[in-house]
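The next block holds one structure in the form of structure tokens; read it before the comments.
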Amino acid sequence: MKNVLTAEQVRAAESVVMKTGVNEIFLRLNAALAVADDIYPRAKSAKRTAVFCGVGGNGYDGILIACRLKKSGCAVSAYLVGDIAKFDKTAIAYAENENLNMYSAVDYKGDADCIIDAIFGIGLNREITGETKTLIEKLNAQKHAFKAAVDIPSGLNADSGEIFGVCFRANVTITFSCYKIGMLFEKGRSVCGRIIVRDVGVKTDSILHVCEDDDFEPYERDRTAHKGTCGRVYIIGGSGNMIGAPMLAGAAAHAAYLNGAGTVTVCLPDIHRVSAAARASMAMMKFLPSDADGFIKFDKHALDDIISKARAIDLGIGMGSDPELNKIVGYLCDNYDGTLVLDADALNAIKNDYGFLKSAKPKIIVTPHVGEFVRLTGKAATVENAIAFARESGAVTVLKSATTIITDGNEVRLNISGTPAMAKGGMGDTLGGCITALSCSFEPFDAATVACYRNGIGAERAVSSYAELMLTAGDVLKYADYEE
């Protein structure tokens, strides 16, 4: 997993390595080589590549990148942004020696089909105005051009993900040593495009990490496995007012099967007996006593039957404002010793009253989206607050968003796989089924991490076959292959 740092932490890490005797120029050359190698295929096929260089360190890197691309046979020019007298004289001299064409950025004609942004780096702390703002807007308006950012898109706050007035919108960002946290939140996800992290010789350390494909190995069952040893999953959900609940529960059940559960039992209020039977899939059905409004009632005998069989339970889908849901949560927390995934309405039932989770008998995973987290805790959906909640509750916390925060209170794993096509009902329900099933084979923290990452990858694959707006949760599951 790749580390995630703030701008200050990056500067501190760079300072440490330079104190060991490593020359700053060595790091810059490493950075330039990394970017040039990644951009080369695009730049080689482009009629014209333009590298926009600011007066600071990022611009120095940009000049070196342009020189490297020129040596590789690319048609490339450097455009200097700002007062040329403020540019590093060593960089300018090197470029002149390499016969690199250099121009003032105000003379750019808008004719490049490959654009490299090296104007501002992670140290930017002010709003972009004047000619530079106009230039970035001009570059963004070139819809046909391929755009790459060096280390971070110019105009993005490296820590908060906010925009300093205007920001370069990249197709790809080649960043050095680690992810910068601002790339992963707020507008960062919108302007960075694909993020590639390259090692340039700076060692970093952090409790925040981003999940990547090579972090996961295929899971192999024992040759003697059977459905009983692979885990029995129970999904408890539904209410009288949630007529789609059986379908959502069915989707979660299907997800659980696709993620290795030995058996899956969907537990619904008995008011849904007929409608659920009409939608029956591979999952078994169990119907729980419900009141006149179709809410599941607290029934010790029924819960004890589930507890005696389940290795993992998913609770909360479509249960609405069930008046006895809080009691059901409490009973499972006191008496069940498997893994309990609390989702959707189960989280709403314990909002601002979740202290008892710390002493719960089962392993707890909570899976709120941003709105549910705010209701649950009364706090903003931030990394810091997710960590605090996980520590207070003892629950593995999966805070779902474009960047999903997964934490056990000590380590944070940030999942950035996925696509905007996932902004659709049912995605969270299937994810809950995946997490619950995987917790039969993995510890909760790992189960949540694997499920979030692979579901996101499944969505990325699926949009290559489906129109983005047509994508459904079921489509994602078809492509979330855990064995690749």
Just how far is it from atom [atom1] of [X] to atom [atom2] of [Y], taken to the nearest 0.5 Å?
| X | Y | atom1 | atom2 | answer |
| --- | --- | --- | --- | --- |
| Met183 | Ile152 | CE | CD1 | 4.5 Å |
| Asn348 | Asp343 | CG | CG | 10.0 Å |
| Asp199 | Lys2 | CG | NZ | 9.0 Å |

**Residue pairs fulfilling side chain to side chain donor-acceptor pair (under 3.5 Å) with at least one residue in residues 396-406, sequence neighbours excluded** =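 The answer is Arg189-Thr403.
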**Asked** Do any pairs count as a ring-ring contact (aromatic ring centres under 6.0 Å, His included) and have a residue in residues 7-32, sequence neighbours left out, and if so which ones?
**Response**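 Non-adjacent pairs meeting ring-ring contact (aromatic ring centres under 6.0 Å, His included): zero.
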**Asked** For residues 117-174, which residue pairs qualify under ring-ring contact (aromatic ring centres under 6.0 Å, His included), counting only residues two or more places apart or in two chains?
**Response** none
Quick check on [X]: does its [atom1] atom have over 12 non-hydrogen neighbours (other residues, nucleotides or ligands) under 6.0 Å away?
| X | atom1 | result |
| --- | --- | --- |
| Arg375 | CZ | yes |
| Lys187 | NZ | no |
| Ile84 | CD1 | no |

**Item:** Worked check of side-chain hydrogen bond (donor to acceptor under 3.5 Å, both in side chains) between Ser104 and Asp107
**Value:** CA-CA 6 Å; Ser104 171; Asp107 297 327; 4.6 Å; no
**Prompt:** Got a salt bridge between Glu443 and Lys363, using NZ or NE/NH1/NH2 to carboxylate O under 4.0 Å?
**Reply:**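 A salt bridge links Glu443 with Lys363.
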**Message:** Any salt bridge linking Arg48 with Asp111? Criterion: basic side-chain nitrogen under 4.0 Å from a carboxylate oxygen.
**Reply:**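 Yes, Arg48 and Asp111 are salt-bridged.
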**Message:** Checking Glu162 now: which residues fulfil side chain to side chain donor-acceptor pair (under 3.5 Å) with it, not counting sequence neighbours?
**Reply:** Ser160
**Residues in side chain to side chain donor-acceptor pair (under 3.5 Å) contact with Asp446, at least two apart in sequence or another chain** =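 Once residues adjacent in sequence are excluded, the partners of Asp446 under the side chain to side chain donor-acceptor pair (under 3.5 Å) criterion are Arg413.
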**Prompt:** Quick check: does any side chain N or O of Lys44 sit under 3.5 Å from a backbone N or O of Leu69, one acting as donor and the other as acceptor?
**Reply:**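 Side chain of Lys44 to backbone of Leu69, a donor-acceptor pair under 3.5 Å: no, none is there.
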**Request:** Check the angle between the aromatic planes of Phe52 and Tyr79 and answer parallel, tilted or perpendicular using the 30° and 60° thresholds.
**Result:**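 Correct class here is parallel.
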**Asked** Can you name the one residue among Thr173, Asp151, Asn157, Thr6 that meets side chain to side chain donor-acceptor pair (under 3.5 Å) with Lys180?
**Response**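 Of all the options given, the one that passes is Asp151.
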**Message:** So, using side-chain contact (heavy atoms from CB on, under 4.5 Å) as the criterion, who are the partners of Ser177 when residues are at least two apart?
**Reply:**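 Partners of Ser177 by the side-chain contact (heavy atoms from CB on, under 4.5 Å) criterion, ordered by chain and then number, come out as Val200, Val202, Thr204.
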**Asked** Ser154 and Leu124: side chain to side chain contact (heavy atoms under 4.5 Å, CB included), yes or no, with the steps?
**Response** CA-CA 8 Å; Ser154 292; Leu124 182 67; 5.9 Å; no
